[in-house]
Participant: 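Pasting in a structure now, in structure tokens, and then I'll have a few things to ask.
Position 1 is the first residue of the sequence; numbering continues from there.
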Amino acid sequence: MQLKYINTLVYLKKNQLFLILLLFWSFLWASLNSYPVEIYPLTFEQEFNKHKFFKLIFNSRIYIPLIFTSIGLIIILFKIQILKKSYFLIIYILFFFSQLIGLALYDFENFTIERIYLVIQAFNALLILYIANNVLNRDQIKKFFLINIIFLVIIVIFYLPLIYIDYFNHQSFYLYNSQTWSENFIGEPIIRVTGLAWILSLISFIILLKLITNISNLTKLFLILLLIFIGISIWGLQSRLAFACYAITLLIYFILFVRKKIFINLVTIFLIIFFSIEGFNYIAKHKVIDTRANSTTDNSTTDNSTTDNSTPDNRLLSTFKSLTNNSDIADRNSNSIAYTTSSRNIIWLKIIKDYDYKKIFGYGPQADRYVILSPVEDILDSGYMSNASSSFFYAFICGGYFSFFLLILLNIHALYLMFIYLKNKIYKNNNNLVIKSTFLILVFLMIRSIFENSYSLFSLDYLLFVSSIIIFEKLLKNNKVNSYKTSTLLA
């Protein structure tokens with residue numbers, strides 16, 4: 001027992017910086033979806049309230065990385081010797097710094113914590129990875145991937161039941177119609193169904209990669225059942241962007257990683273998709289019938305609509321009908337393009353029209369919410385129209401021409417690493433689950449970033465993207481290929 005205790009102390013002392021970095025990274029994940037609210041101290045004059053106490057603790061999670069992590073990282077930077085430069089991380093630092101310049105030049109009076117806290121959090125993430133890239137080895141840095149997956153699973157476990165509870169209490173056929181996004185949990189907004197859909201999609205791809213490894217048949221059966229459950233939820237959430245990203249990423253998954261038993265794997269995927277769709281439709285039909293039956297019983301009335309067991313159009317079919325003018329959806333949504341793009345065309349046109357092109361550094365962080373798309377009288381431009389819905393548009397209005405150009409460089413760097421991976425055919429010789437997973441995560445996120453703010457600001461997408469790049473690049477170097485020599489690229 002004493003020897004085990006001594007070994008533990010030796011391990012902790014030897015790996016203290018590694019463990020501190022992992023802890024700081026976990027703090028950043030825990031701070032997601034939080035907002036810097038004012039924390040009032042508890043006094044004896046106030047009546048003790050459990051809800052207020054837990055809300056106080058829950059809200060304070062934003063200040064741990066904002067204050068303690070920031071200070072800790074600065075101290076570490078002065079203590080260690082930085083030998084390796086990461087141009088990717090340096091470009092990202094400049095990317096956010098240009099946004100701060102924009103805010104200082106445009107409206108210094110609003111240079112407040114509410115406007116810049118996301119940038120501070122983003123800097124913290126970059127510093128953690130900058131240090132990790134210098135001091136951690138390949139196996140240690142892979143632990144960041146593990147933390148990412150753990151928090152993705154936690155988010156699903158935490159929020160998916162809330163959406164299902166709301167779903168079974170209403171007559172809507174799809175989970176997409178859930179109104180939980182407009183509600184708060186301990187003072188914080190609940191994740192949107194579209195966000196949850198793409199998180200489930202990423203988890204499913206990691207499971208799919210595990211499915212084609214050498215595992216037992218019993219484990220494969222368990223993973224297939226798990227994929228069907230995830231698929232049921234993805235189909236119910238009805239996120240068209242998640243469907244599109246999933247389809248493209250799934251095609252790449254088949255082309256690159258399914259090397260053996262191609263027909264069997266193809267049939268397996270087909271069955272998973274089939275049972276996912278039919279499974280949710282079965283649940284939804286019976287739920288709607290039971291809800292209507294209870295409703296008519298309570299009201300002591302009978303309606304012919306209660307016997308309608310037809311399945312309503314899913315959003316993919318509705319979009320197709322809208323574009324081909326085969327339904328009245330276009331009329332209900334002003335025009336078919338607005339329905340198809342979820343009004344992104346209106347948002348982007350407004351940004352193009354209203355942006356002051358003389359502002360070289362843009363309007364500063366969160367310019368979409370606070371400046372360009374702030375609520376106005378026109379209903380189309382207010383309320384939900386507070387998100388630029390594209391990393392490129394967001395970068396442009398927040399950091400101007402510099403931020404936009406730097407975002408392009410970041411994407412080029414990611415594409416370059418992916419090209420190296422494909423050029424050297426590492427996917428054939430390396431069966432490492434982490435490098436394959438980070439590759440697919442990058443593909444998924446880069447497609448998503450065209451239509452969402454994604455990794456252009458501190459967010460779940462950002463933590464995944466920036467850490468996946470560092471992990472992917474580290475693992476590429478460990479494959480002992482001439483990854484960064486021009487001769488390799490031209491060979």
Participant: Taking the side chain as everything from C-beta on, heavy atoms only, tell me whether C398 gets closer than 4.5 Å to Q366.
Facilitator: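 Not in contact.
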Participant: Does the side chain of I352 reach to within under 4.5 Å of the side chain of Y357, using non-hydrogen atoms?
Facilitator: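 The answer is yes; the side chains approach within 4.5 Å.
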Participant: Nearest 0.5 Å please: distance from the CG atom of L202 over to the CD1 atom of I230.
Facilitator: 11.0 Å
Participant: Check the pair Y130, Y92 against side-chain contact (heavy atoms from CB on, under 4.5 Å), reporting the backbone distance first and the verdict last.
Facilitator: CA-CA 11 Å; Y130 197 75; Y92 237 137; over 6 Å; no
Participant: Under the side-chain contact (heavy atoms from CB on, under 4.5 Å) rule, what do H413 and I91 come out as? Steps first, then yes or no, please.
Facilitator: CA-CA 10 Å; H413 183 83; I91 292 172; 6.0 Å; no
Participant: Test I203 against every option in I234, V156, L208 by the side-chain contact (heavy atoms from CB on, under 4.5 Å) rule and name the one that passes.
Facilitator: V156
Participant: What pairs with D354 under salt bridge (Lys or Arg N to Asp or Glu O under 4.0 Å), at least two apart in sequence or on another chain?
Facilitator: K350
Participant: Is the W235 to F243 ring centre distance short of 6.0 Å?
Facilitator: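 Yes.
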Participant: Cut-off 3.5 Å, side chains only: do Y455 and S449 have a donor facing an acceptor?
Facilitator: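 Present: a donor and an acceptor within the cut-off.
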Participant: Side chains of N15 and Q140: is there a donor and an acceptor less than 3.5 Å apart?
Facilitator: yes
Participant: Assess the side chains of D107 and N110: does a donor N or O sit below 3.5 Å from an acceptor N or O?
Facilitator: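 N110 and D107 do have a side-chain donor-acceptor pair below 3.5 Å.
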Participant: Using a distance-only test with no angle check, is there a side-chain donor-acceptor pair under 3.5 angstrom linking S454 and E452?
Facilitator: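 Side chains of S454 and E452: no pair found under 3.5 Å.
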Participant: Can you tell me how far the OG atom of S468 sits from the CD atom of E473, to the nearest 0.5 Å?
Facilitator: 12.5 Å
Participant: Is L23 close to T69 at the side-chain level, that is, under 4.5 Å between some pair of heavy atoms?
Facilitator: no
Participant: Can you check ring pair (Phe, Tyr, Trp, His ring centres under 6.0 Å) on F472 and Y421, steps first, answer last?
Facilitator: CA-CA 9 Å; F472 190 67; Y421 181 75; 5.3 Å; yes
Participant: Assess whether atom CZ of F111 is packed by more than 12 heavy atoms of other residues, nucleotides or ligands within 6.0 Å.
Facilitator: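 Yes - once you tally the heavy atoms of other residues, nucleotides and ligands closer than 6.0 Å, there are more than 12.
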Participant: Looking at every non-hydrogen atom in both residues, tell me the closest pair between A242 and W198 and how far apart they are.
Facilitator: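 So the two residues come closest at CB-N, 4.3 Å.
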Participant: Is the OH atom of Y164 crowded by more than 12 outside heavy atoms at less than 6.0 Å?
Facilitator: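 Yes - once you tally the heavy atoms of other residues, nucleotides and ligands closer than 6.0 Å, there are more than 12.
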Participant: What distance do F465 atom CZ and S391 atom OG have between them, rounded to the nearest 0.5 Å?
Facilitator: 9.0 Å
Participant: Any donor-acceptor pair under 3.5 Å linking the side chain of S389 with the backbone of N387?
Facilitator: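 Confirmed, S389 side chain pairs with N387 backbone.
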Participant: Taking the ring centre of each residue, are Y246 and F205 less than 6.0 Å apart?
Facilitator: yes
Participant: Does K359 have more than 12 heavy atoms from other residues, nucleotides or ligands lying within 6.0 Å of its NZ?
Facilitator: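 Counting neighbours around NZ of K359, more than 12 heavy atoms of other residues, nucleotides or ligands fall under 6.0 Å, so yes.
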Participant: Are there more than 12 heavy atoms of other residues, nucleotides or ligands under 6.0 Å from atom CZ of F108?
Facilitator: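 12 or below, so no.
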Participant: Is L241 close to F451 at the side-chain level, that is, under 4.5 Å between some pair of heavy atoms?
Facilitator: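 Heavy-atom side-chain distance check passes, below 4.5 Å.
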Participant: Is the closest side-chain donor-acceptor distance between T194 and R240 under 3.5 Å?
Facilitator: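 T194 vs R240: no donor-acceptor pair found between side chains.
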Participant: Ring centroids only, cut at 6.0 angstrom: are F396 and Y394 within range, meaning strictly under it?
Facilitator: no
Participant: Could you pull out the closest heavy-atom pair between A388 and D368, with the gap in Å?
Facilitator: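 Nearest heavy atoms, A388 then D368: N-OD2, 3.1 Å.
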Participant: Measure centre to centre between the rings of Y370 and Y363, then say whether the value is under 6.0 Å.
Facilitator: no
Participant: Would F24 and L127 satisfy side-chain contact (heavy atoms from CB on, under 4.5 Å), going step by step from the backbone distance to the final call?
Facilitator: CA-CA 10 Å; F24 284 169; L127 287 176; over 6 Å; no
Participant: Counting only heavy atoms not in F402, do more than 12 sit closer than 6.0 Å to its CZ atom?
Facilitator: no
Participant: I need the minimum non-hydrogen distance between F145 and I471, along with the two atoms involved.
Facilitator: N-CD1, 3.6 Å
Participant: Nearest heavy-atom pair of L460 and L32: which atoms, and what distance?
Facilitator: N-CD2, 3.6 Å
Participant: For the ring pair Y401 and F405, is the centre-to-centre distance below 6.0 Å?
Facilitator: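 Aromatic pair excluded; centres sit 6.0 Å or further apart.
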Participant: For side-chain contact (heavy atoms from CB on, under 4.5 Å), just list the numbers for F123 and S70, CA-CA rounded to whole Å, side-chain angles, deciding distance to a tenth of an Å, and then say yes or no.
Facilitator: CA-CA 9 Å; F123 280 145; S70 301; over 6 Å; no
Participant: Nearest 0.5 Å, please: how far is CG in L73 from CG in L126?
Facilitator: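 Here the rounded value is 10.5 Å.
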Participant: How close do N148 and S467 get, counting heavy atoms only, and between which atoms?
Facilitator: ND2-OG, 2.9 Å
Participant: If we count only N and O atoms by modelled type, under 3.5 Å, do the side chains of N453 and D461 hold a donor and an acceptor together?
Facilitator: no
Participant: Measure the spacing between CG of L440 and OG of S204 and express it to the nearest 0.5 Å.
Facilitator: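 One finds 10.0 Å between CG of L440 and OG of S204.
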Participant: Would a line drawn from the ring center of Y253 to the ring center of F439 be shorter than 6.0 Å?
Facilitator: no
Participant: CZ/F18 to CD1/I141 distance, rounded to the nearest 0.5 angstrom?
Facilitator: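 It is 10.0 Å, given to the nearest 0.5 Å.
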Participant: Indicate the atoms forming the closest heavy-atom contact of F96 with V119, along with that distance.
Facilitator: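 Taking every non-hydrogen atom into account, CB-CG1, 3.9 Å.
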Participant: Measure the shortest side-chain to side-chain distance between L256 and K436 over non-hydrogen atoms and say whether it is less than 4.5 angstrom.
Facilitator: no
